[in-house]
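Following: one structure in structure tokens, then a few remarks.
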Amino acid sequence: MYDTLIIHTDEINLKGGNRHYFEQALMRNLKAHLGGLDDFQVIQRKGSIILRSEADLMAERLDLLRQEMPRIFGVAHSFPAKRCDQDINRIKEAALDQMETVSGSRFYVAARRADKTFPLTSPEIARQVGAHILKSGGGRSVDIDDPEVTVRIEINREGAYVSVERIAGAGGLPTGTSGQVVSLLSGGIDSPVASWKIMRRGCRVSFVHFHSLPHTSPASVDKVKRLAAALDRYQRDSRLYLVPFAPIQRAITASTEPKLRVVLYRRSMLRLAGRLAEGWGAQALVTGDSIGQVASQTLENLVTTDAASPLPVFRPLIGEDKRDITALARRIGTYDISIEPHDDCCSLFVPDHPELSSTQGAAQAEEGRLDLESLVTEALSGAAEAAVGPAPAPAQESDR
Ligand code: ATP
Ligand code: MG
């Protein structure tokens, strides 16, 4: 019943001279997510991409479009559509045919006449098509405020398109257009959401996780792999590195002020992630911190932590409430994995009363008791790439 996918692009439309660069990236990503576009004729315009198939789309192809389009950054929304001639009678028939395929009787017709040579204006097209649908009976009524079905009609130079289905896009900018960052991925709720928010800005995100094997269970590493897999649905070909953190934790625990332990763990994580990032040509680090959420995230402790980082640290959740972060985690399909119980390396050897207002000077004084350079070198030599996947069931992403 559909032979076309109309894709409306998002922020790309605001770009000027370099818009082509973003459009090319989006085309590459569309191909990667949709397993190639060989079965489509591709028509690119400012603000939209139209994928036209000679034959009606098979159910499997349509399922793939419905699954993948919400995961492709740069897309505002897309519409599976049926093509017909630029003739108002054909359009009316196609609209009624489409209406018959969906449930819901309160409808609204939205028409857009991109080709101004078509004799009817957009409101007139909407009026005529609406009247035709009403006339067909079936207890249908027009509802502008809260329609169950929106019938979209788009008239372009090459034909008219009719659609009753809208697939929400992921928004943002196409993956790969904003450089590379390294995200510190724990097993919690926050860091996957932080990673996703940076991804949505067009960055390719590589993941680093610090594990405390043998003090923590292999299940917590498995959980992080599945989180990376869930995020990989949005960017593909993700890289995940696992870094052994137990020796550093043991050294910190043995020789430094207990109150500062977590801040010292965090400083070392940034050092290690920074080294890896530099090796990969990534320009910044990402964490899931939010001001004041836990003791290690007081403003003072974040500042002290930052001071040890060789690269800028981005914290996309810095001003977000936990409730909003949780809602986003559900939407992007990481929440169910994040809430599985796991042992966190940072909850090991943690004092009852951590410092809330550390200073860089105090942290450096404690680190002076450690042979940091060899600890860092040892951890990096144990760092290993892990396979990402398998991807969790798509049903975990909720509708947006
Ligand atoms: P999250 O849900 O991200 O775990 P959280 O509230 O538990 O958040 P913390 O445990 O204090 O936060 O960690 C703060 C940030 O430090 C995390 O968001 C993550 O970016 C990073 N981080 C913490 N532990 C690890 C780890 N084991 N491996 C990689 N990054 C980590
Ligand atoms: Mg955590």
Side-chain angles (χ1 to χ4, degrees), residues 181-199 205-213 215-225 227-228 230-231 239-249 252 261-277 284-299 301-302 304-306 308-309 311 313-318 320-330 332 334-350 354-356 358 379 382-384 386:
V181 297
V182 168
S183 178
L184 285 77
L185 190 64
S186 68
I189 294 173
D190 304 326
S191 49
V193 175
S195 308
W196 186 87
K197 288 192 89 162
I198 289 281
M199 270 182 195
V205 177
S206 299
F207 304 107
V208 172
H209 174 70
F210 300 94
H211 65 81
S212 302
L213 297 174
H215 306 293
T216 51
S217 71
S220 53
V221 169
D222 176 65
K223 179 181 178 183
V224 169
K225 288 185 188 171
L227 281 172
L231 291 164
R239 165 158 53 189
L240 168 65
Y241 261 65
L242 302 175
V243 183
F245 201 61
I248 292 186
Q249 279 188 295
I252 290 174
R261 276 177 198 164
V262 180
V263 168
L264 299 179
Y265 296 159
R266 291 279 185 271
R267 284 167 60 93
S268 283
M269 286 185 183
L270 291 182
R271 286 190 186 99
L272 290 164
R275 292 275 188 97
L276 289 169
L285 304 179
V286 178
T287 71
D289 300 299
S290 154
I291 290 189
Q293 195 191 74
V294 288
S296 58
Q297 296 171 27
T298 59
L299 184 57
N301 286 346
L302 288 176
T304 304
T305 303
D306 248 23
S309 179
L311 289 179
V313 183
F314 295 148
R315 298 184 167 89
L317 307 181
I318 197 71
E320 305 270 351
D321 291 349
K322 192 77 184 188
R323 189 192 324 145
D324 297 332
I325 299 170
T326 302
L328 190 48
R330 284 184 202 278
I332 66 175
T334 54
Y335 181 78
D336 289 344
I337 308 169
S338 290
I339 58 169
E340 289 172 18
H342 73 291
D343 16 79
D344 174 0
C345 73
C346 290
S347 49
L348 290 175
F349 325 118
V350 168
E355 177 65 69
L356 297 178
S358 63

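Quick note: residue numbers are just sequence positions, from 1. Just follow the structure's listing: the first ligand is 1, and inside any ligand the first atom is 1. Reckoned from all heavy atoms, side chains included, excluding hydrogens, waters and symmetry mates.
The only option from R266, R267, R261 that meets the side chain to side chain contact (heavy atoms under 4.5 Å, CB included) definition with V263 turns out to be R267.
By the 4.5 Å heavy-atom criterion applied to side chains, Y335 and T326 are counted as neighbours.
For atom 12 (O) of ligand 1, the nearest non-hydrogen atom from the set R315, Q297, K322 belongs to Q297. The residue from V262, L317, V286, D190 that puts a heavy atom closest to atom 2 (O) of ligand 1 is D190. Nearest-residue assignment for atom 9 (P) of ligand 1 (options Q293, R266, H209; heavy-atom criterion): R266. Selection from L185, V294, T326 by nearest heavy atom to atom 29 (C) of ligand 1 gives L185.
Under a 4.0 angstrom heavy-atom cut-off, V208 registers as being in contact with ligand 1. For the pair H211 and ligand 1, no heavy-atom separation below 4.0 Å is found.
Short contacts between ligand 1 and G288, defined as distances under 4.0 Å to a heavy atom of the residue, involve ligand atoms 17 (C), 18 (O), 20 (O).
If you look at S296 next to ligand 1, the close heavy atoms, those under 4.0 Å, all belong to the side chain. The part of M269 lying near ligand 1 is the side chain, judged by heavy-atom distances below 4.0 Å.
Sorted by first then second residue, the salt bridge (charged side-chain N to carboxylate O under 4.0 Å, His left out) pairs that include residues 181-197, not counting sequence neighbours, are D190-K322, K197-E320.
Between the side chain of S191 and the backbone N or O of S186 there is at least one donor-acceptor pair closer than 3.5 Å. Although no hydrogens or angles enter the test, the distance criterion places a donor-acceptor pair under 3.5 Å between the side chain of S220 and the main chain of S217.
Considering backbone and side-chain N/O atoms, I189 comes within less than 3.5 Å of an N/O atom of ligand 1.
Summarising the local packing, CZ of R239 is surrounded by more than 12 heavy atoms from other residues, nucleotides or ligands at distances under 6.0 Å.
Looking at residues two or more places apart in sequence or on another chain, you find a side-chain contact (heavy atoms from CB on, under 4.5 Å) between A383 and Y241, V243.
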